[in-house]
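Written out below as structure tokens is the structure these notes cover.
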2 protein chains.
Amino acid sequence: MPFTTERTSPADEGARGRFERIYQTLRMRICLLDYAPGERLREEDLAQEFGVSRTPIRRVLVKLEAEGLLRSVHGVGTIVSDIEVEELAQVYELRVELAELVGKLSPVAVDGGLVARFREIKERCDQMVRKADPREFARINMEFFHLFNSLTTNVPLREISERLYYQTTRIWLKTASRLGGYEQLLNNEFVIFQREVADIAEAVENGDLAAASHVRRAHIAMSFSRIRRAAESAGGTLLRTAGAGSEAARG
Amino acid sequence: MPFTTERTSPADEGARGRFERIYQTLRMRICLLDYAPGERLREEDLAQEFGVSRTPIRRVLVKLEAEGLLRSVHGVGTIVSDIEVEELAQVYELRVELAELVGKLSPVAVDGGLVARFREIKERCDQMVRKADPREFARINMEFFHLFNSLTTNVPLREISERLYYQTTRIWLKTASRLGGYEQLLNNEFVIFQREVADIAEAVENGDLAAASHVRRAHIAMSFSRIRRAAESAGGTLLRTAGAGSEAARG
DNA sequence: CCGCGTGATGTTGTGCACAACAAGAGGTGG
DNA sequence: CCACCTCTTGTTGTGCACAACATCACGCGG
């Protein structure tokens with residue numbers, strides 16, 4: 001995790017550090033479906049959990065809202081954003097292009113450390129496939145994304161790719177998990193991701209970042225194709241409704 | 001009437017409308033150099049001007065900070081972001097690619113209304129050249145950007161292009177205005193922009209959005225080339241220091 | 001004359017109480 | 001029995017006082 005590099009001890013963190021910590025934590029929770037799309041967050045609860053008042057919490061929520069992950073409505077609550085399949089298609093359409101740009105715009109010089117990091121994540125990916133834990137899968141997927149993103153030195157491109165990643169990955173995870181009852185689709189995603197990591201790692205070892213970005217581009221496009229197909233086969237309501245299933249199961 | 005779809009009438013605007021109004025106002029001021037890069041803003045002054053307390057102002061500032069236009073430092077102030085020429089190069093590098101994507105990703109269907117809007121802005125552009133008012137130039141440039149951006153229906157692409165535009169256009173304007181003492185560079189930008197609008201308007205009339213985006217791409221790239229050249233000829237300090245220009249021109 | 005600690009001053013960050021607002025429960029008249 | 005109105009409840013938005021922090025001027029000692 002490139003984010004949790006807490007050089008400052010938990011005790012003497014200033015206002016800036018506290019803000020960053022809460023922000024990263026909430027974003028991770030949204031991305032890992034700890035907060036499901038459509039779920040309502042209460043500022044008071046968050047304030048109590050992090051040991052602060054509502055004021056700094058609101059700061060974080062405003063930023064997350066600016067990134068499209070939340071939506072605050074006066075008198076109602078703060079709601080985790082859901083996303084329609086048409087809108088998701090647009091985001092993926094753009095992500096595909098940005099992935100290719102990572103290999104074209106200001107690519108980094110490949111050194112031993114970079115290759116080692118790709119090999120290391122490939123190893124962990126191979127081990128992870130046996131466990132088949134969705135949460136761990138999501139975490140490695142995120143880590144791999146950041147590693148791939150570091151192949152360009154173009155800061156705006158990195159920031160925008162990251163923002164779009166966080167907008168979409170939770171929807172992808174939700175779709176895969178929802179159909180995980182068969183455990184076939186999710187396992188399928190595991191294997192495909194394993195291949196993607198292996199291919200890109202090899203391309204990076206060869207110093208061919210353009211090839212790496214093309215592989216990445218293709219996988220992102222195919223990933224959304226699978227999502228769309230799964231959504232359509234589920235009757236199209238998959239990506240819209242959030243938690244009506246468990247409510248109906250109450251008895 | 002549970003609906004709150006009020007047209008944001010000036011009198012009874014709700015909390016949401018007030019937030020949006022202040023946000024747009026401040027962003028426009030930053031973009032039009034009413035607040036110069038490096039300038040320090042005081043929350044108390046803004047609160048007094050808009051007739052509210054510091055709290056809603058801070059909401060707006062947090063959002064503007066998330067977009068990279070501001071930077072708040074505890075105990076110091078909120079400072080309008082400046083940008084180094086290397087960083088500016090990265091943003092332009094990305095803007096160039098995104099401009100081309102506007103013509104490729106989900107292009108809109110060209111109808112009479114769209115053509116009319118391009119013609120109308122071309123007319124106003126031709127009239128504006130005679131006056132040579134930098135502020136009016138910046139405003140039409142912004143308007144034309146939004147019009148060009150509306151050529152795609154891809155919402156994330158529009159949002160990101162807009163964000164990058166607001167990050168860079170003020171620096172471009174600053175560079176052109178700073179060298180406006182000769183009044184040649186600024187006038188040059190006027191004429192070039194006029195040609196760009198004419199070319200793109202014609203491409204749109206022909207329904208060839210790909211051509212329009214290629215023209216746009218070329219002009220964005222050339223625009224940055226001119227900025228870089230101007231910055232280098234000014235000794236490289238142009239884009240970094242705020243008020244040293246007049247001192248350097250002395251003697 | 002210079003380096004340095006120390007307090008004054010101004011700014012953003014935080015906590016808390018209250019206002020504005022939306023949604024649902026419950027009563028009431030038809 | 002139903003439609004509608006009102007009140008209650010819970011949430012986000014706002015205002016204000018104070019704390020945390022950075023900067024700079026001033027004075028002191030060397």
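Just so we're on the same page: letters track the sequence lines, and every chain starts at 1. Values below: every heavy atom of this structure, side chains too, minus hydrogens, waters and symmetry copies.
Whole-Å rounding puts the B:Ile79 CD1 to C:dT12 P distance at 9 Å. The distance between atom CG of B:Leu46 and atom P of D:dT14, rounded to the nearest whole Å, is 15 Å. One can place CD of B:Glu65 at 12 Å from P of C:dT12, the figure rounded to the nearest angstrom. With rounding to whole Å, A:Glu43 atom CD is found 14 Å from C:dT14 atom P. Per the geometry, CZ belonging to A:Arg54 stands 6 Å off C1' belonging to D:dT12, to the nearest Å. Atom pair B:Asp45:CG and C:dT11:P shows a separation of 8 Å (rounding to whole Å applied).
The side chain of A:Arg18 sits closest to C:dT14 out of D:dC16, C:dT14, C:dC18. Picking from C:dA20, D:dA20, C:dT14 the nucleotide with the shortest atom distance to the side chain of B:His74 gives D:dA20. Residue A:Val52 has its side chain nearest to C:dG15 when only D:dC18, C:dG15, D:dG15 are considered. The side chain of A:Thr55 has C:dG15 as its nearest neighbour among C:dG15, D:dC16, C:dC21.
In terms of the side-chain hydrogen bond (donor to acceptor under 3.5 Å, both in side chains) criterion, A:Arg117 has no residue partners (sequence neighbours excluded). Not counting sequence neighbours, the partners of A:Phe137 by the ring-ring contact (aromatic ring centres under 6.0 Å, His included) test are A:Trp172, A:Phe190, A:Phe193.
Within the structure, no pair that satisfies the ring-ring contact (aromatic ring centres under 6.0 Å, His included) test touches residues 24-64 of chain B, not counting sequence neighbours. Note on residues 22-40 of chain B: pairs passing salt bridge (charged side-chain N to carboxylate O under 4.0 Å, His left out), not counting sequence neighbours, are B:Arg27-B:Glu162, B:Arg29-B:Glu49, B:Asp34-B:Arg135.
A sub-4.0 Å separation between OP1 or OP2 of C:dT11 and a side-chain N or O of B:Thr78 is absent.
Rounding to the nearest 0.5 angstrom, the gap separating the CD1 atom in A:Ile220 from the OG atom in A:Ser161 is 8.0 Å.
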Might you list the N or O atoms of the protein lying below 3.5 Å from N or O atoms in nucleotides 8-10 of chain D, with each pair's distance?
residue: D:dG10; atom: N2; partner: A:Gly75; partner atom: O; Å: 3.1

Review item, side-chain donor-acceptor pairs of residues 66-78 of chain A, under 3.5 Å, at least two apart:
residue: A:Glu67; atom: OE1; partner: A:Tyr23; partner atom: OH; Å: 2.9
residue: A:Glu67; atom: OE2; partner: A:Tyr23; partner atom: OH; Å: 2.6

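Residue whose closest nucleotide on DNA chain D sits further toward the 5' end, between A:Gly77 and B:Pro56: A:Gly77.
Nucleic acid contact for B:Ile57: none, since no nucleic acid atom lies under 4.0 Å from a heavy atom of the residue. B:Leu41 comes within 4.0 angstrom of the backbone, heavy atoms only, and of no base. Note on B:Arg59: only backbone sugar-phosphate atoms sit closer than 4.0 angstrom, heavy atoms only; bases stay farther off. Within 4.0 Å (heavy atoms only), B:Glu44 reaches no atom of the nucleic acid at all.
No option in B:Phe148, B:Phe144, B:Phe145 other than B:Phe145 meets the ring-ring contact (aromatic ring centres under 6.0 Å, His included) test with B:Tyr165.
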